[in-house]
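Following: one structure in structure tokens, then a few remarks.
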Amino acid sequence: MTSTLPRRSVGQRVKRHDGDAHLTGQAVYTGDVTVPGTTHAALVRSPHAHATIESIDTTAALAHPGVLAVVTGAEIAAVTDEIPHGLDAGHLGGHHAVVRPLAVGKVVHVGEPVAAVVALTPADAAAAALLVEVGYDLLPVVLDPDAALAEDAPLLYPEWGDNVIIAREVGPDDFDEVATSAAHVLDGELRGHRGNAAPMETRTYLADWDSRRRHLTVWATTQNPHVMRTVLASTLRLPEGSIRVIALKIGGSFGLKMYGNREDFIAPVLSRLVGRPVKWVEERSAALLPAARDQRLAYRVAFDDDGRLRALDVHAVSDHGAGAATHGWGMAHVGALATGLGYALDHCHVRYTVVATNKAPWVGTKPFGKESATLLLERIMDRIAVTTGLDPAEVRRRNFLAPDAFPHTHTSGLELDSGDYAAALDLTLELLDHPAARAMQSAARAEGRCVGIGLGFELMPESADIPGALVAAFDTSTVRMSPSGQVTVLTGVTSPGTGNDTAIAQLVADELGVAMSEITVVQGDTDLCPYGFGNISSRSIITGGNAAVLAARDLVATLHTTARAMLSAGPEEAIVLGDGMAQVAGDPERALPVPAVAGAVHTLSYLLGLDIEPRLESTRTYRPANVRQVPDELGRMNTYTTYPYAVHASLLEVDPETGSVTLLRHVVTHDCGTVVNPMFVDGQVTGGVAMGIGAALGEELVFDADGVPASTGFKTYLLPRAIDLPRVELGHLCTPAPGTPLGAKGVGEAGFSGALAAVVNAVNDAIAPLGAALEATPVSPPRVLAALLEAGQ
Amino acid sequence: MIPHRFDYVAPDSLAGCIEALNTAAPAGGDGEDARVLAGGTWVLPEMSRAESRPARLVDLRRAGLGGVTGTGSGLSVGAMCTYAELLASPDVLRHAPLLHTMAEGITGGWALRSQATVGGSAVSARPQSDVPGALVACGAVARAVGPEGERRFPVAELFAAAMHSSLLPGEVLTGFDVPSTAGAGSGYVKLKRGGSSWPIATAAALVRLGDEGVCRQVSLVLGAVTATPLRVDVDAALVGTTPGDDGVREAAHLAGAAVDEPWDDLLAPGSYRAAVAAPIARRALTMALVAARTTIQETRA
Ligand SMILES: Cc1cc2nc3c(=O)[nH]c(=O)nc-3n(C[C@H](O)[C@H](O)[C@H](O)COP(=O)(O)OP(=O)(O)OC[C@H]3O[C@@H](n4cnc5c(N)ncnc54)[C@H](O)[C@@H]3O)c2cc1C
């Protein structure tokens, strides 16, 4: 009647449980929600990059039809507290920025919200916002770190005394000693550029203040509903229990919707002030303000004739933009932690300086600063190859940590758990057919064509825990089975559109031996789900998934005991759950449907004489064991849980007359340990590659000389389209995360960094015969052509 | 979502449209002038961003300006003709294959191609667009009707400056007469920064060869490289010769040298546009030559 072995869905290409709803437009996003009496907000934004606010005249706006209120930053400041920081630079030796929902007194970047209008329709709100008259006194602007660090630079925050948000060092400062004995020392500078997460859905909120209950319900596009509630309560001066945050389906996020952004506070504050439900949908141009990746890396590297790295010294200067309450600046820190990771490098020192400028601030953006570290090391590998005459692949192979080197503590303190980097390189080269690709390149060069091959090794520390901050490496899930055998999973992790809810359902289905269709996963509602940290740092399967597995195993124990009693199984006989049945192992005739057993737990516990708590519900927290925050003798910590990695190869052609880049092939071998659902992993890696290629070739936030952003939409911020991308060819390795129930590693930031590096390296490989090189991104056609023309002169 | 209030009319005749454009909108709106609405793919986003606040929109959709038809000597392209209509028309393939190739490369998918109009693109006169250069290369004649009656003029005169057409206030562009280029070879090359980019440089070429493969006539127009389409006289390099690589290269060189005030925007600086003009021109001319030779072979066969 049934097989004796439970059927596993883990590892299978299971379709997402809500795929139909997405494909047919039935999935409910925040923008779809309205409640009776919903009103709409529009923001008045600063047209100036740096100015004091001298006056705000709301008369004309208030007279506009349908307008209920016009609220200024000062009025909000009077009734709220400042926004709590996700990661306060002020606590770590830097400066604390005071951030409020709307600007107070002065503006420090174009687009900074200054006042808000609430009206009956979105159109009336937008029209009235145009009528608010703000008087500004202009201040001189600083738009790049050089200007901001100059002796007499204008200050964004005069009380700081300078424009440095924070400056720190990671790793031992011993380059000079080591370098003296190295065969080669190279120095260089690598310039990144300003990019953005660019999710399809902009940030959207509906906040409903119920004055009778003194209760606030907020539907929000947030990755971290519980934490958002915690910080909302603080700023709004409300008890946490008076707030409910609900995150529905999210149309992409990539860090933009992590807590700490002032945007999270606008609709809630307005609703509280106006006493009506207030909806606010961020404009696309505003969603393109937050930034990342704008970094300049000056470096020195020492290596030997055999290509082996000896020491690396880096100074990273980040063009952060204005101060913020987000974790944004932390990208500079994580970039420093990740520099050199995965390579055998005993001497690695990174100094970073995060500089405030008159642009919108950095916001945590996939892959959170690690991409700069990847690009730097991968450029260095290629430069070593040129210097030593070794093949670039061979240089990497010689420098990779060996598979038996784990656990390995990097100079930054991060403790690598497992991996086989050389195997990933080998598989990538095999999938590419490296000799054939090189032969094709030689043939093309002989015809005067510029074909390039580039490699990129990425190693992403994932599932972070920041001491003292609401970013945790652990999370909590509840699994509950009803009398009819229906399973509800409530979890503290959320899905930004990745489908981890389906993957969690797979895990629970396997443990309980029931079909996926019996399982409902509830995420994102602070009234329903256990307190959790949401979706950040590729943590959802590792934390929420492992926690759900632990909780489901508690239910399994109860189901086993109950089934044993019902089936009169002896102590030596095992019960197995599978295919919706509980059966005595090896005896298919003695079996019961799981719902019958679940019903019995709820209704027959006395009759069956069960000697257990008759409960089919468990809440468990999975906390990985390898995070270490008691500093070692060098003051270092391991703040990450897993270390997935990938090796990319890009094959492309540059048109030497136009600088255009045509991607011919992109191959990636990826290892995220145990794969719960290959479709989702493939999707994450492929999407990450697309983002990385976009960052390499075109996506760039550009400003005019006054600091006014010119990239205000997708015709000026060029995302790659399907026709720009080759099919991403995937290879997989599996090195399970040691010491974890599942063995899974994070995959949410995979693909980006290695693709960025591989493409930049491949472009350089393509144009090298013409004497040209590019050590700055993006490698867009105008820049490639400029480099070629310069080389030709 | 358009923030301001405005009057909307869709008269069922051209005369009605012109009248609506030239009479004041009723009070109650808070915009400025009357504005023509064609496909709306440019007007409506501008209005949503409050960059344009017309008091009245005059929708041309019922004024009978759509479609493209073959005439004895070429094409009559209505101002409201969409890219999709260009693509579907066998007359376009026969008389102005250049317009077909141009329409094939328009981004935005079928939604955009079925909505956006040739007239709307032309009147917008944006440097970074396909239509202006293609129409100039085809030698199209524009037709416009205003309160004073109809005017006809070479389409090149429509493109007064970047973002500025030469239409008079209250005038409606009604369409274009495009002389047949049947028998000539056409080439159209567009350089972009990627799928989502506006055109950075376009080159439209038409080459007519005589029986012995001698070049009788050549027309080369660069688009997106300068504020308005740039017609380059390359007769000296090609006409009267049996064009080979050298001639084409010389013509392309003339094209590159003709760009003295390149258009500059955030997608590509002027120096880039100037640098790519010659190679893009060469590719378009080569394409047109190949097409012209094929045409001759086909007529002989
Ligand atoms: C997603 C997208 C992709 C695009 N891709 C491309 C591309 O690849 N290449 C390219 O070149 N362009 C492209 N465009 C631009 C597109 O071609 C223009 O938006 C379109 O042609 C404008 O036509 P419309 O009918 O929508 O004009 P509308 O928006 O209705 O009008 C545009 C302007 O012209 C005026 N106007 C329109 N018709 C007349 C008339 N008959 N008489 C007087 N005034 C008139 C209007 O008042 C307005 O000022 C794209 C646009 C979008 C939105």
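Residue numbers start from 1 in every chain, and the chains themselves are labelled A, B, ... in the order their sequence lines are given, proteins ahead of strands. Fair warning: this is a prediction, and the values are worked out from it, not measured in the lab.
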_Counting only heavy atoms not in B/E104 (residues, nucleotides, ligands), do more than 12 fall under 6.0 Å from its CD?_
yes

*Using a cut-off of under 4.5 Å on heavy-atom pairs, state which of A/P720, A/S660, A/S285, A/S780 scores highest against chain B.*
A/S780

*Closest non-hydrogen atom pair between A/A126 and B/M1, with its separation*: CB-CE, 3.9 Å

*asked:* So which atom in B/R5 and which in A/P65 form the shortest heavy-atom distance, rounded to 0.1 Å?
replied: NH2-CB, 4.1 Å

*Using atom types as modelled and distance alone, determine if a side-chain donor or acceptor of A/D724 lies under 3.5 Å from a backbone N or O of B/G195.*
yes

_Proximal component of A/L789, with respect to chain B [non-hydrogen, under 4.5 Å]_ = side chain

*Nearest atoms (heavy-atom pairs only) where A/A127 meets B/P3*: CB-O, 3.1 Å

*asked:* Let me confirm one number: the CD-CG distance from A/E700 to B/L266, rounded to the nearest 0.5 Å.
replied: 8.5 Å

*asked:* Is it the case that over 12 heavy atoms from other parts of the model lie below 6.0 angstrom from the CZ atom of B/R61?
replied: no

_Report which part of B/I200 has an atom under 4.5 Å of a heavy atom belonging to chain A: side chain, backbone, both, or neither._
neither

_Expected output: side-chain B/Y272 to main-chain A/T658 donor-acceptor under 3.5 Å_ = yes

*asked:* Taking side chain as everything from C-beta outward and backbone as N, CA, C, O, which of these in B/L267 sits under 4.5 Å from a heavy atom of chain A? Side chain, backbone, both or neither.
replied: both

_Less than 4.5 Å to any heavy atom of chain B: does that hold for the side chain of A/L130, its backbone, both, or neither?_
side chain

*Report the option among A/P781, A/S711, A/A128 that has the most heavy-atom pairs separated by less than 4.5 Å from atoms of chain B.*
A/P781

*Locate the shortest heavy-atom distance separating A/G698 from B/R193; write the atom from each residue and the value.*
O-NH2, 3.4 Å

*Identify whether the distance between the nearest side-chain nitrogen and carboxylate oxygen of A/E657 and B/R282 falls below 4.0 Å.*
yes

*Charged N-O contact under 4.0 Å between A/D655 and B/R283*: yes

*asked:* Can you tell me how far apart OG (B/S197) and CZ (A/R721) are? Round to the nearest 0.5 Å.
replied: 9.5 Å

Please table the atom pairs, donor to acceptor, closer than 3.5 Å between any side-chain atom in residues 120-132 of chain B and protein atoms at least two apart or in another chain.
unit_1	atom_1	unit_2	atom_2	d
B/S124	OG	B/G120	O	2.6
B/Q128	NE2	B/D265	OD2	3.1
B/S129	OG	B/R126	O	2.6
B/D130	OD1	B/Y188	OH	2.5
B/D130	OD1	B/K190	NZ	3.2
B/D130	OD2	B/K190	NZ	2.9

*Heavy atoms only, distances under 4.5 angstrom: which of A/T712, A/T716, A/I723 has the most pairs with chain B? Name it, please.*
A/T716

*Under 3.5 Å, is there a donor-acceptor pair between the side chain of B/S196 and the main chain of A/K715?*
no

